[in-house]
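Beneath this line is the structure, given in structure tokens, with notes to follow.
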Amino acid sequence: MDDLMPLLQRAVEHAVAYRTSLPERRVRAELDVDALAAAFDGPLQAQALPPGEVLDQLAAAAEPGLVATAGPRFFGFVIGGALPAATAADVLASGWDQVAFNNVASPAGAAAERAAGTWLKLLLGLPDLASVGFVTGAQAANTVGLAAGRHHQLGAAGWDVERRGLAGAPRLRVIASEERHATVDRSLRLLGLGSDVVEPVRADAGGAMDVDDLARVLAAAEPGPTLLCLQAGNVNTGACDDVRRAVQVARRHGPAWVHVDGAFGLWAAASPRTRHLLDGLELADSWGCDGHKWLNVPYDSAFAFCAHPDVHVAAMSYTASYLTGSGGAPGPADLTAESSRRARGFAVWAALKELGRDGVTDLVDRTCALARRFADALREAGFEIANDVVLNQVLVAFGSDQHTDAVVEAVQRDGTCWMGATTWRGRRYMRISVSNHATSEADVDRSVAAIIRLAQEVSA
Ligand SMILES: *Cc1c(COP(=O)(O)O)cnc(C)c1O
């Protein structure tokens with residue numbers, strides 16, 4: 001134990017030095033994965049090493065390969081940087097080393113998830129009776145939501161899919177937008193439905209589902225077991241499907257389980273300024289949402305919400321005779337695909353406490369305003385903004401596809417900020433996501449200045 005204090009202090013010193021360097025550090029990594037190999041590789045020695053030495057070796061090896069995703073000028077992939085209290089809570093979660101398996105294995109881990117789950121439902125306007133599974137990411141949240149839907153829809157048709165699997169099962173239709181996130185297809189693969197099962201619905205110009213086309217797709221078959229997967233927050237444009245109309249159209253046709261993939265976009269519901277984008281959200285049956293994106297919680301953290309807790313548990317739970325505390329009131333592992341896992345509820349609880357209700361609203365409003373600031377400044381500089389900036393996403397082109405790609409590459413190499421590239425409606429764009437609590441107007445202005453300078457250099 002004597003050794004632990006200096007060791008953990010040392011770890012904290014490394015972490016704090018890194019975090020403190022973020023505002024001025026180059027965003028991109030200094031070395032790529034192959035260049036880092038020399039520091040990480042080599043034979044595993046036979047003898048034990050003192051933990052402090054291991055820690056210092058790790059820090060020295062990793063530092064040049066870290067990307068400042070946690071910093072204020074990382075604008076890729078819709079991901080935020082962990083809030084201070086959430087980061088500290090995650091350090092504690094490692095120190096406590098709890099297994100958030102059930103209510104007996106870690107009462108504290110389970111209680112934190114229960115409280116944080118209640119707050120999340122309130123903030124997002126989801127039914128208070130909904131169940132919440134604390135999963136690794138929106139990928140996992142979508143898998144859980146669609147698994148619950150699979151159980152429910154096939155169960156209503158007299159088929160117990162958990163026992164019997166899919167061979168010989170009634171047909172289960174899966175309807176989703178052509179603009180669905182690529183992870184939805186992987187969820188369908190994992191659920192044994194396969195990605196070919198999707199009956200795609202056309203999207204409108206902004207990337208939201210065309211609900212008239214949904215009616216056409218639904219009408220192509222008789223009413224029967226159906227999963228309808230909607231989206232809150234298109235990864236390119238931020239557009240949200242019209243949940244109210246889509247649910248009405250689907251339910252008019254026949255039975256349907258409606259799942260909403262709201263990895264980042266579900267947070268639009270936490271602000272009065274953007275809530276209208278998700279009108280009717282509470283009418284769905286399940287929802288997936290990330291903590292590690294817009295809520296600025298450390299990886300890996302996301303939420304699988306289900307309006308029908310019994311269905312959620314029936315689709316996910318398992319028991320075994322040796323598992324003390326299984327059965328009875330559903331615990332953490334009854335709502336996720338993981339069995340033993342990290343107590344990730346502590347960091348979520350801490351993030352929500354740190355922000356408070358007003359802070360969550362402010363986080364959404366502020367990052368959306370900063371996205372508009374990006375769009376306004378780049379438009380004024382003569383560049384084309386391709387999307388209506390309804391949330392925190394901006395698409396900007398710098399002339400031809402080749403030119404746009406060259407600008408994105410130059411920006412990434414420069415290191416003032418980091419943006420990815422994407423293809424939208426057949427053209428290449430720089431994709432800007434503002435999701436970090438620490439990003440300021442000055443960070444946006446500094447990034448815009450770098451982008452304009454590099455765009456000119458690339459042309460020259
Ligand atoms: C990021 C994202 C996902 C996948 O989320 P992970 O947290 O990476 O698992 C799914 N859907 C949408 C819309 C996303 O933006």
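Whatever order the structure lists ligands and atoms in, that order sets their numbers, starting from 1.
Ligand 1 has no nitrogen or oxygen under 3.5 angstrom from a nitrogen or oxygen of N142. Taking only nitrogen or oxygen atoms, main chain and side chain alike, G233 does not reach within less than 3.5 Å of ligand 1. Note: an N/O pair closer than 3.5 Å links D290 and ligand 1 by distance alone.
Under 4.0 angstrom from ligand 1, the non-hydrogen atoms of F264 all belong to its side chain. Looking at Q139 against ligand 1, both its backbone and its side chain come within 4.0 Å, counting heavy atoms.
Although no hydrogens or angles enter the test, the distance criterion places a donor-acceptor pair under 3.5 Å between the side chain of T237 and the main chain of G206. Checked by atom type and distance alone, the side chain of H181 never pairs as donor or acceptor with a backbone atom of Q231 at under 3.5 Å.
Inspection of the S433 and Q393 side chains reveals an N or O donor paired with an N or O acceptor under 3.5 Å. No side-chain donor-acceptor contact under 3.5 Å links Y299 and T136. Between the side chains of D310 and H308, no donor-acceptor pair of N or O atoms lies under 3.5 Å.
The residue among R180, Q393, K293 with a heavy atom at the shortest distance from atom 2 (C) of ligand 1 is K293. Nearest-residue assignment for atom 13 (C) of ligand 1 (options V260, D261, V184; heavy-atom criterion): D261.
Residue A263 has at least one heavy-atom neighbour below 4.0 Å for each of these atoms of ligand 1: 2 (C), 3 (C), 10 (C), 11 (N), 12 (C), 13 (C), 14 (C), 15 (O). Ligand 1 places these atoms under 4.0 Å from at least one heavy atom of G137: 7 (O), 9 (O). Atoms of ligand 1 lying under 4.0 Å from any heavy atom of H292, numbered from 1 in the order shown and given with element: 7 (O). Counting the atoms of ligand 1 from 1 in the order shown, those under 4.0 Å from a heavy atom of V235 are 14 (C), 15 (O).
The single protein non-hydrogen atom nearest to atom 5 (O) of ligand 1 is A138 CB, 3.1 Å, given as residue, atom name and distance.
Side-chain contact check for F398 versus V396: some heavy-atom pair is nearer than 4.5 Å. Counting heavy atoms from C-beta on, the side chains of W424 and E179 come closer than 4.5 Å. At least one side-chain heavy atom of L123 sits less than 4.5 Å from a side-chain heavy atom of R357.
Judged by the shortest distance from any of its heavy atoms, V78 lies outside the 4.0 Å radius around the atoms of ligand 1.
A centroid separation of 6.0 Å or more is found between the aromatic rings of F303 and W287.
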